[in-house]
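Labels below follow one simple rule: chain letters A, B, ... track the order of the sequence lines, proteins then strands, and each chain is numbered from 1. Everything numeric here is computed off the predicted structure, so don't read it as measured data.
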Number of protein chains: 2
Amino acid sequence: MIRPGAAFMVANGIGRGQNRRVSLRCALLAQLNVEELSGYELTRRFAGFPGLFWQARSQQVYPELARLEEQGLLTSRVVEQQSRPDKRLYSITDTGRKRLGDWILSDSPPSFAKDDFLMKVWSYGVVDPASARRQLAVHRTLHELRLARFEDAAREHAPAEVSHLDPREFGEQLTVQAGIHLERSLLAWCETADEWLRAREDATPPGASPEERSA
Amino acid sequence: MIRPGAAFMVANGIGRGQNRRVSLRCALLAQLNVEELSGYELTRRFAGFPGLFWQARSQQVYPELARLEEQGLLTSRVVEQQSRPDKRLYSITDTGRKRLGDWILSDSPPSFAKDDFLMKVWSYGVVDPASARRQLAVHRTLHELRLARFEDAAREHAPAEVSHLDPREFGEQLTVQAGIHLERSLLAWCETADEWLRAREDATPPGASPEERSA
DNA sequence: GACATCATGTAAGCGGTTACATGATTTC
DNA sequence: GAAATCATGTAACCGCTTACATGATGTC
């Protein structure tokens, strides 16, 4: 029996089918497609590289690498080191490369559906404007930091020569550009938001309660 | 014993402590702070309202509402309807309003850490540029649709009068503005990405393999 | 000796998705 | 009578986080 109902859920692109473990798996394959890496190094990149729009901690990375090897998408070898603990380097197999290629060109609706901070902003009408402005200022500096990191990563690449970048840097620079666009737009929004709050601050008597009730 | 190690994880703002069930809970409180609503209506809004930067399905909403009532942050009453099934309307309590106020002004580092599509773009150097451009075109139309919905929601609100908006609309319009800024920046990025790919297309022999290996 | 980096995990629990279930009413 | 909306859930599972564990090597 086919179940009816709730067509509005389907109509608006909700982040459905986003995962199914696919994305982490492919984020790992994508990086190992370029070079041989250890779980530790992959974790480090997830944590620190701007332009890598995914993240995972070591507790997730190591088991996933093992699973990918078991499935034949990766192979690994142990490298013995002096002055450091030994490590296991993973590299992609032909099967893995095939899987990666399929994934890259598969459908993927845009994300950005959930945002803690913007959910708070949604209630900025019912809190003290001055407090909101203070929170907004902190938020802006965090975005400024992010923008600076993206711009650092973009430096030394004249846009005229992008077609001659090697495969790895080409994609990386594209995502860095996305980061720059995003951060700049959010900083611009911070400006207008601050203006709106300032106007509201002026319109509200200074002694008003920090928690106004809804009209 | 204090555990050392991995300071780089802490240095770069990783989406830690983002949840702890707090955000869904407060997204519900925020909406019930404005008006009395049913679980069904809340679910509908999560699915369809631009400017509401959170989402949850009915399966998550109903149990969470029950939990919030149990904790005294909400109360509910059953409304009998003819021509429709009865429904339960929830409203916020003073305790709930207090909790909400605390949450709104609490810290929240920016999100946007994971993105399926941009993770694919990261590998755009190793796939056929023409295929990538096709995927990008689809992606762009989705963002155009989103932008249109945000702009619809923003219409009829002259920016000059924002300070006189009622509390609910003030916050909502702020988030709608954020959506507009975001979507426009992503559309602008799509333009440059398409240019980069076109340049790469011209630089690559047309008969090249759809899956180039990394140099 | 305290702390940091390098390197690799296990176990429990939470937030969220997928699949499934129920039933009344309205519209074509 | 088929399909859609309105209305409210339960059960299983997955992805991810939190907490914890281990141990070698290098640095102040």
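In this structure, NZ of B:K114 is placed 15 Å from P of C:dG15, rounded to the nearest angstrom. The separation between A:R57 atom CZ and C:dA7 atom C1' is 18 Å, rounded to whole Å. Put simply, OH on A:Y62 is 16 Å from C1' on D:dC20, counting in whole angstrom units. Counting to the nearest Å, the C1' atom of C:dT8 and the CG atom of A:L37 are 16 Å from each other. In this structure, the CG atom of A:L42 is 15 Å from the C1' atom of C:dG9, given to the nearest Å. With rounding to whole Å, B:L68 atom CG is found 12 Å from C:dG15 atom P. Atoms CZ (A:R44) and C1' (C:dA7) sit 13 Å apart, rounded to a whole Å. Whole-Å rounding puts the A:D116 CG to C:dG16 P distance at 10 Å.
The nearest pair of heavy atoms linking A:L118 to B:T175 is O-CG2, 3.3 Å.
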- Message: Is there a side-chain contact (heavy atoms from CB on, under 4.5 Å) between A:V61 and A:E64? Walk through the geometry before answering.
- Response: CA-CA 5 Å; A:V61 169; A:E64 189 63 33; 5.9 Å; no
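For B:Q81 and C:dT25, the shortest distance from a side-chain N or O to OP1 or OP2 is not below 4.0 Å. The side chain of A:T43 places no N or O atom within less than 4.0 Å of a non-bridging phosphate oxygen (OP1 or OP2) of C:dA7.
In terms of position on DNA chain C, the residue among A:D86 and A:Q59 whose nearest nucleotide sits closer to the 5' end is A:D86.
For A:S38, whose side chain is taken as the heavy atoms from C-beta onward, the closest listed nucleotide among D:dA7, C:dG16, C:dT8 is C:dT8. Here the nucleotide nearest the side chain of B:Y40, chosen from D:dT17, C:dT17, D:dT8, is D:dT8. The side chain of A:Q60 has D:dC16 as its nearest neighbour among C:dA7, D:dC16, D:dA7. Set against C:dT17, C:dG16, D:dA7, the side chain of B:Q55 has C:dT17 as its closest nucleotide. Between D:dG26, C:dG16, D:dC6, one nucleotide has an atom nearer to the side chain of B:R84 than all others, and that is D:dC6. Nearest nucleotide to the A:P85 side chain, out of C:dA7, D:dT17, C:dT26: C:dA7.
Between B:R146 and B:L186 the shortest side-chain heavy-atom distance does not fall below 4.5 Å.
For B:E151 and B:R184, the salt-bridge test passes: some basic side-chain N is under 4.0 Å from an acidic carboxylate O. A salt bridge is absent between B:E80 and B:K87; no separation between the charged side-chain nitrogens and carboxylate oxygens falls under 4.0 Å.
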